[in-house]
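The figures here come from the full heavy-atom set of this structure, side chains too, leaving out hydrogens, waters and symmetry mates. From a predicted model like this one, the values you see are computed outputs, not experimental measurements. We number each residue from 1, following the sequence as shown.
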Amino acid sequence: MKKYILKLAIVIIFLCPIGTVSAYDKLPLKNGGSWQEDFSNITTDSTNAMNIAQPFLLFTRNLNINGGQMLDGNIATQNLNTYGSFLNGKTGISYVQNSITNTASWLHINQSSKFVFGSSFKIVRANNAMQIEAGPSNLKQLVNNVSQSKLYQDTESHKYLDFDRGFAQLDSNAKTIITQASRISKPIITEDPWYWPRITIDTSNVATAANGTKIISLSARDLDYRRTVILKGLGKAEKIIFAINTDGVSQIDLQSIRFGNENEWRDVQLPMMFTFSNTSSAYTGGLRIGMNDSFTTPVRSILAP
């Protein structure tokens, strides 16, 4: 009997060495690196208006996706307000820098994609599950639908991306587009007398730039509350930029808007970008937007820093 007791004691010594990490200590996540490493094909010079924001579905300082509709794409935000059942970062690489607030006690993250947390987050292992401590109240949330190998984190001295620098560049790009739009010909806009929410925008007199981009200068009132916009005269344009002048407007509603070509049964399949700006300053009012495309949805981008 004494021999068995001695063997048991030896086993316990080897299984419980001094300095064992407790179940609630911070997990060592891999270094998130930088967005340039993950998206090396994105140009950051003046020829790319979307710049640092291009690889993300939403690029914003504060993101609220608690309004009843999930996002089909990746995000980059400083602060995220979400809902427990939503799948955050559904596709692609996502980044949350500062805080996460949640109406539930669990956080869903896409299993197949890289998700980068800021350095202030604390990810722990609790009861065989990953748990995140984040937000102004240090809310504890279980992390569902993801393995530790998909989670990355900033270091104390290096951030995945610099939001201040990124928004400064985007603001400069938006001003450049608005300036260019003020110097080009305006399209011809015709309202449908039988169906008020529909208009036709004839861009035949609007020149297409050497890079294939056609800038269409409009007033916010031209598109506000519209449901169908027919675009004519696109020619060989490869990309469309809508430069929206918001003078005298504090709220813009572009929900369920559809962009059709001259054949009204087909949607415009070109990438589109929208900028919103007053004559002398950035637009600070409200914006509700949603695309209603019945066929394959092309790329839609909003540049409103």
Side-chain angles (χ1 to χ4, degrees), residues 49-50 53 57-58 67 69 72 173-209 211-305:
M50 295 306 293
L57 174 69
L58 287 176
Q69 187 174 13
D72 187 7
N173 292 350
K175 291 176 180 177
T176 299
I177 292 172
I178 294 297
T179 300
Q180 291 175 343
S182 66
R183 298 171 180 170
I184 62 178
S185 300
K186 301 294 188 293
I188 299 174
I189 300 174
T190 306
E191 290 192 1
D192 189 325
W194 305 106
Y195 184 56
W196 174 84
R198 179 168 56 191
I199 59 172
T200 297
I201 300 177
D202 188 345
T203 68
S204 301
N205 64 331
V206 180
T208 301
N211 62 359
T213 300
K214 177 169 284 196
I215 299 178
I216 302 176
S217 179
L218 300 171
S219 164
R221 293 187 174 88
D222 292 330
L223 294 181
D224 201 18
Y225 288 101
R226 301 294 181 180
R227 292 297 174 262
T228 301
V229 176
I230 305 302
L231 296 175
K232 297 177 62 176
L234 295 178
K236 296 183 179 180
E238 299 175 2
K239 181 170 62 176
I240 301 170
I241 297 179
F242 289 98
I244 312 299
N245 188 310
T246 59
D247 282 347
V249 174
S250 60
Q251 179 69 38
I252 302 173
D253 191 319
L254 302 181
Q255 290 196 100
S256 301
I257 194 169
R258 171 180 172 263
F259 290 89
N261 60 18
E262 296 179 52
N263 175 1
E264 296 186 26
W265 300 106
R266 299 292 298 181
D267 294 322
V268 175
Q269 296 299 304
L270 296 177
M272 296 181 183
M273 189 181 78
F274 299 78
T275 67
F276 299 86
S277 178
N278 297 321
T279 302
S280 58
S281 61
Y283 176 61
T284 58
L287 172 64
R288 303 178 69 185
I289 190 166
M291 300 302 169
N292 182 18
D293 295 311
S294 56
F295 292 86
T296 304
T297 303
V299 178
R300 311 293 198 211
S301 301
I302 302 171
L303 176 56

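Nearest approach of Ile177 to Ala243, heavy atoms of both residues: CG2-CB, 4.3 Å. Between Ala220 and Ile244 the shortest heavy-atom distance is CA-CG2, 3.6 Å. The shortest non-hydrogen separation linking Ser204 to Gly233 is OG-CA, 3.5 Å.
Interatomic distance, Leu218 CG to Asn245 CG, rounded to the nearest 0.5 Å: 10.0 Å. Of the inter-residue distances, the one linking Leu231 atom CG with Asp202 atom CG reads 10.0 Å to the nearest 0.5 angstrom. Taken to the nearest 0.5 Å, the OG1 atom of Thr275 stands 8.0 Å off from the CD1 atom of Ile215. Rounding to the nearest 0.5 Å places CZ of Arg258 at 5.5 Å from CD1 of Ile230. Within the model, atoms CD of Glu191 and CD1 of Ile199 stand 7.0 Å from one another, a figure rounded to the nearest 0.5 Å. Rounding to the nearest 0.5 Å gives a distance of 10.0 Å between CD1 of Ile216 and CD1 of Ile241.
A distance of 6.0 Å or more separates the ring centres of Phe276 and Phe242.
Between the side chain of Lys214 and the backbone N or O of Val206, at least one donor-acceptor pair lies under 3.5 Å. Proximity of a side-chain donor or acceptor of Arg221 to a complementary backbone N or O of Val249 within less than 3.5 Å is not detected. For Thr203 (side chain) and Lys232 (main-chain N/O), a donor-acceptor pair under 3.5 Å exists by modelled atom type.
For Lys186, the NZ atom counts as densely surrounded, since its 6.0 Å shell holds more than 12 non-hydrogen atoms of other residues, nucleotides or ligands.
Residues Thr213 and Thr208 fail the side-chain proximity criterion, which asks for heavy atoms closer than 4.5 Å.
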For side-chain contact (heavy atoms from CB on, under 4.5 Å), just list the numbers for Thr200 and Asp192, CA-CA rounded to whole Å, side-chain angles, deciding distance to a tenth of an Å, and then say yes or no. CA-CA 8 Å; Thr200 297; Asp192 189 325; over 6 Å; no
